[in-house]
Visitor: 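This is the structure, below, for whatever I ask next.
Values reported hereafter were calculated over all heavy atoms of this structure, with side chains retained and with hydrogens, waters and symmetry mates removed. Chain identifiers are assigned alphabetically (A, B, ...) following the order of the sequence lines, protein sequences preceding nucleic acid strands; residue numbering begins at 1 within each chain.
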Amino acid sequence: MAFVRDKIIESLSLAIASIGESANHPNQVPFSMELSAPRAAQHGDYATNVAMTLTRVLKRNPRQIAEQIVARFEDPHGIIEKMEIAGPGFINFFVKPRAWVGILHEILSDPLHYGRQNLGLGRRVQVEFVSANPTGPLHIGHGRGAATGDVLASLLSACGYRVDREYYINDAGNQMNTLGASLYYRYQELFDESMEFPQGHYQGEYMKDLAREFFEEFGERYRKVPLEEVLPAFSRYTGERILKGIQEDLNDFGIRFDNWFSEQGLHDAGVIEKTLEELREKGYIYEHEGATWFRSTDFGDEKDRVVIRANGISTYFAADLAYHKNKFFRNYDLLVDIWGADHHGYVDRMLAGIQAMGRKREDLQIVLVQLVNLLRGGKPVAMSTRAGEFVTLREVVNEVGKDAARYIFLTRRSDSPLDFDLDLAKTQSNDNPVFYVQYAHARLCRVFEVGQERGFSFQWSPRQMEECMQRLTLPQERMLLKMLGEYPATLASSARSLEPHQIPYYLHELVSSFHSYYNQNRILGDDTQLSKARLCLAAAVKQVIANALGLLGVDAPHRM
RNA sequence: GCGCCCGUAGCUCAGCUGGAUAGAGCAACGGACUUCUAAUCCGUAGGCCCGGGGUUCGAAUCCCUGCGGGCGCGCCA
């Protein structure tokens, strides 16, 4: 993969292993291999602190260990100019300038594949996200969760996991009846404006729209028909219509799910009872004060949780237990749940649940996504779900576009609240991070257009390599090559920590270096051979930008 | 009251499984378009990493504590 970086890690591992053997550590010395790219040039192109992390195991001082590592370090590919031991025990690697060019071959010989890797070893992962109740349109907060889940899924897929995207539909329980009744009342209101809309129902504007559509379809057929007679039909109708709207919203946001999983299906199939029965056999279920409880405290939850209420109706949590059991039954090795941060109180009980089923805690990773504060021109936009006045995902996407919305959602760690300024997101200026990156791509595309007009035929061949080694000598060029080489490691790190925001940060850095290079140097000049070599570099930069934007679900435009 | 998350430049945030001189964008100030797209670039300025203890060769990062902010604490979904 990343040419230079991987070679160094490989050689380091071998060197350390051989020290381990001679020091009577027959198995590999446990260590965390970190290879950083220091900012300061005097610290080399790469640096590692392994010698210091090994002090405890080897019981020697770090500089001694570093010397041993350096002594045993082999460089079969001849990529290292020199190694230095510095400070308390860092080993700094200075890479031969020409070694960087290898990265061009990595990228250009198989462009679409560059960055993809087999970290996941083909293990199956399910990413469950959005899963908003089908009681109203998606709002902007759901949009953040949607972008996060979608990109995590793409990322894991690029890293060698087999990934499915799933949406859990909470279509069971009383809320569907409330939903149906809400439509019913809005519908009756069309005939009798004095009718009072009862409390505790969904009073959003979308419900009035739906009532009007319903009227257009069915006319006065259900006017003054008692609620009890038509409630199931109204509920079904409303649920289906709203779900369809959600699906359209997500579709236009660039998101496709592999599976839509119905909670009601769990009830119908009796899996909830079955799940509880299995847990009971293992001793995790007991009766208390008329209710049925799950002993989640056995696994670190702060208190036990009710699964069947005294009135005989099972709780949402019971369904969620059955749901996660079902997920594992479908043979996923790893589950990733994307939840709103307001659900963090449920994390412990869910983890307890899967452990009671015999799974490891790590088999379920829960990513919490914090709130989105919507601003317009720096001022907060009032949002209140209860009053039904919220800004929908659709409105935001219509206003600022899919690309800007997705990019902004992803430029922050998910557990940090996000300010989303509508005015900022749609200004076509340098305030807007997504344009900065897209602009670089469009610029590069233009270079190739002009190059073609001037008769530079660009095609990558290994023969070009030698040419590039001789011509791409500027520090900025080497820097760009190095950064291109860091792309796979960025994806790996991002996937391991389930932090998609690392990708936009990487992109920004890469693009910034490119813009700077572009402003100071001509890619297409009088020197034909130099121009060709620079075109190779440009092609690689363009490719990595396109690949990264592709993962983010953001377009890489050819013109702006 | 208890639990979780957060506190880093004027603003918005990276960096947090301990590593070398703490970074970026915006805002401010000064510069660069006859050239492949100025939606760009170059430069300047900006810091008690909330306070206080501790752990060690080394702390923005880990532990304790105080302060400040957000969220959650149902036999709701």
Side-chain angles (χ1 to χ4, degrees), chain A residues 32 34 36 38-40 42-43 47-49 52-53 55 61-63 86-90 92 133 135 170 172-176 178 263 288-293 301-303 305-320 340-348 368 370-371 373 375 378 411-413 415-419 421 424 427-440 442-451 453-454 456 496-497 499 501-502 504-506 508-509 511-512 514-525 531 534-535 538 559-560:
Chain A
S32 61
E34 244 175 70
S36 63
R39 196 168 293 273
Q42 80 229 35
H43 296 141
T48 182
N49 63 347
M52 290 177 285
T53 64
T55 48
N61 83 51
R63 290 196 66 114
F90 292 101
N92 297 331
N133 291 353
T135 55
N170 299 130
N174 205 37
Q175 66 172 352
M176 297 315 287
T178 310
E263 180 191 350
H288 177 64
E289 291 181 353
T292 304
W293 298 71
D301 195 9
E302 62 178 357
K303 58 186 198 183
R305 307 293 173 176
V306 171
V307 284
I308 299 177
R309 293 181 260 163
N311 65 10
I313 297 173
S314 61
T315 61
Y316 176 87
F317 175 55
D320 233 355
D342 53 343
H343 287 70
H344 73 250
Y346 285 74
V347 171
D348 283 346
L368 298 176
Q370 270 287 1
L371 291 180
N373 299 311
L375 310 176
T411 41
R412 216 123 283 165
R413 322 168 41 101
D415 59 2
S416 164
L418 168 69
D419 288 335
D421 194 310
L424 195 76
T427 48
Q428 309 220 331
S429 77
N430 49 359
D431 296 359
N432 196 333
V434 65
F435 289 115
Y436 185 76
V437 177
Q438 289 183 316
Y439 182 58
R443 254 184 164 178
L444 279 158
C445 289
R446 183 63 189 151
V447 171
F448 280 91
E449 277 180 24
V450 173
E453 285 163 18
R454 295 190 192 167
F456 290 101
R496 255 192 283 264
S497 53
E499 289 179 348
H501 75 275
Q502 292 185 22
Y505 276 89
Y506 168 82
H508 190 273
E509 210 179 328
V511 161
S512 162
F514 164 71
H515 278 311
S516 174
Y517 173 68
Y518 178 94
N519 270 275
Q520 286 167 48
N521 304 96
R522 305 226 95 227
I523 293 168
L524 303 169
S531 300
R534 287 183 171 174
L535 275 174
R559 268 173 203 281
M560 287 177 77

Visitor: Please answer whether B:A20 and A:Phe90 are stacked, defined here as ring centres separated by less than 5.5 Å and planes angled under 30°.
Guide: yes
Visitor: Report yes if at least one side-chain N or O of A:Arg413 is closer than 4.0 Å to OP1 or OP2 of B:G15; otherwise report no.
Guide: yes
Visitor: Base, sugar-phosphate or nothing for A:Asn170? Non-hydrogen atoms, less than 4.0 Å.
Guide: nothing
Visitor: Which of these nucleotides, B:C41, B:G15, B:C75, is closest to any side-chain atom of A:Thr315?
Guide: B:C75
Visitor: Applying a 4.0 Å non-hydrogen cut-off, can you work out what A:Tyr518 is touching in the nucleic acid: base, sugar-phosphate, or nothing?
Guide: base
Visitor: B:G15 P sits how many Å from A:Tyr505 OH, rounded?
Guide: 7 Å
Visitor: Counting the atoms with a prime plus P, OP1 and OP2 as sugar-phosphate, which does A:Thr292 contact under 4.0 Å by heavy atoms, base, sugar-phosphate, or nothing?
Guide: nothing
Visitor: Taking any heavy-atom pair under 4.0 Å as a contact, classify A:Ala538: base, sugar-phosphate, or nothing.
Guide: nothing
Visitor: Can you tell me, in whole Å, how much space there is between the P of B:G7 and that of B:C49?
Guide: 14 Å
Visitor: Provide the distance between the two P atoms, one in B:G23 and one in B:A28, to the nearest whole Å.
Guide: 24 Å
Visitor: Roughly how far apart, to the nearest Å, are B:C62 and B:C16 at atom P?
Guide: 10 Å
Visitor: Look at the side chain of A:Lys303 and decide which nucleotide, out of B:U21, B:C73, B:U40, has an atom nearest to it.
Guide: B:C73
Visitor: Looking only at atom P, what distance separates B:G10 and B:G66, rounded to whole Å?
Guide: 28 Å
Visitor: Taking 4.0 Å as the cut-off, does a side-chain nitrogen or oxygen of A:Tyr436 come that near to OP1 or OP2 on B:C41?
Guide: yes
Visitor: When the distance from CH2 of A:Trp293 to P of B:G74 is rounded to whole Å, what number comes out?
Guide: 10 Å
Visitor: Rounding to the closest angstrom, what is the interatomic distance between B:G51 and B:G69 at atom C1'?
Guide: 16 Å
Visitor: Look at the side chain of A:Ile523 and decide which nucleotide, out of B:C36, B:C75, B:C16, has an atom nearest to it.
Guide: B:C36
Visitor: With sequence neighbours excluded, tell me which residues meet side chain to side chain donor-acceptor pair (under 3.5 Å) with A:Gln175.
Guide: A:Asn133
Visitor: Just to be sure I understand the rule, does A:Gln438 reach a base, reach only the sugar-phosphate, or reach nothing, if contact means heavy atoms closer than 4.0 Å?
Guide: nothing
Visitor: Does B:G19 have its OP1 or OP2 closer than 4.0 Å to a side-chain nitrogen or oxygen of A:Thr48?
Guide: no
Visitor: Among the nucleotides B:C5, B:G3, B:A38, which one has an atom lying closest to any side-chain atom of A:Asp415?
Guide: B:C5
Visitor: Among A:Arg446, A:Arg443, A:Gln438, whose side chain to side chain contact (heavy atoms under 4.5 Å, CB included) with A:Met560 holds?
Guide: A:Gln438
Visitor: So what does A:His515 hit on the nucleic acid, given a heavy-atom distance under 4.0 Å: a base, only sugar-phosphate, or nothing?
Guide: sugar-phosphate
Visitor: Could you give the CZ-to-C1' distance, from A:Arg39 to B:G19, as a whole number of Å?
Guide: 15 Å
Visitor: Work out how far the C1' atom of B:A45 is from that of B:A9, and round it to whole angstrom.
Guide: 11 Å
Visitor: Could you tell me whether A:Ala47 contacts a base, only the sugar-phosphate backbone, or nothing, with contacts defined as non-hydrogen atoms closer than 4.0 Å?
Guide: base
Visitor: With P as the reference atom in both, quote the distance from B:A60 to B:U17 in angstrom, rounded to an integer.
Guide: 13 Å
Visitor: Of the nucleotides B:C36, B:C75, B:U12, which one has an atom closest to the side chain of A:Val450?
Guide: B:C36
Visitor: How many whole angstroms separate atom CG of A:Asp301 from atom P of B:G72?
Guide: 17 Å
Visitor: Can you tell me which nucleotide in B:C41, B:G15, B:C13 comes closest to the side chain of A:His501?
Guide: B:G15
Visitor: Measuring to OP1 and OP2 of B:G19, would you say a side-chain N or O of A:Ser36 lies under 4.0 angstrom away?
Guide: no
Visitor: Side-chain N or O of A:His508 less than 4.0 angstrom from OP1 or OP2 on B:A14?
Guide: no
Visitor: What's the closest nucleotide to the side chain of A:His344 if the choices are B:C36, B:G72, B:C41?
Guide: B:G72
Visitor: It should be established whether A:Arg443 places a side-chain nitrogen or oxygen under 4.0 Å from OP1 or OP2 of nucleotide B:A38.
Guide: yes
Visitor: Hey, is B:C41 sitting syn or anti, using the within-90° cutoff around 0?
Guide: anti
Visitor: Tell me, please, which residues at least two apart from A:Ala310 pass side-chain contact (heavy atoms from CB on, under 4.5 Å).
Guide: none
Visitor: Which of the following nucleotides, B:A20, B:C13, B:A38, is nearest to the side chain of A:Asn92?
Guide: B:A20
Visitor: Under 4.0 Å from OP1 or OP2 of B:U35: is there any side-chain N or O of A:Arg522 that close?
Guide: no
Visitor: Which of these nucleotides, B:C41, B:C57, B:C73, is closest to any side-chain atom of A:Pro88?
Guide: B:C57
Visitor: Using a cut-off of 4.0 Å on non-hydrogen atoms, how would the nucleic acid contact of A:Pro417 be classed: base, sugar-phosphate, or nothing?
Guide: sugar-phosphate
Visitor: Which of these nucleotides, B:U40, B:C76, B:A20, is closest to any side-chain atom of A:Arg309?
Guide: B:C76
Visitor: Quick one: the side chain of A:Glu449 and the base of B:U37, do they pair up donor-acceptor inside 3.5 Å?
Guide: no
Visitor: Between B:U8 and B:G3, how far is it from one P atom to the other, in whole Å?
Guide: 24 Å
Visitor: So, OP1 or OP2 of B:C36: does either fall under 4.0 Å of a side-chain N or O from A:Arg454?
Guide: yes
Visitor: So what does A:Arg412 touch, heavy atoms closer than 4.0 Å: a base, only the sugar-phosphate, or nothing?
Guide: sugar-phosphate
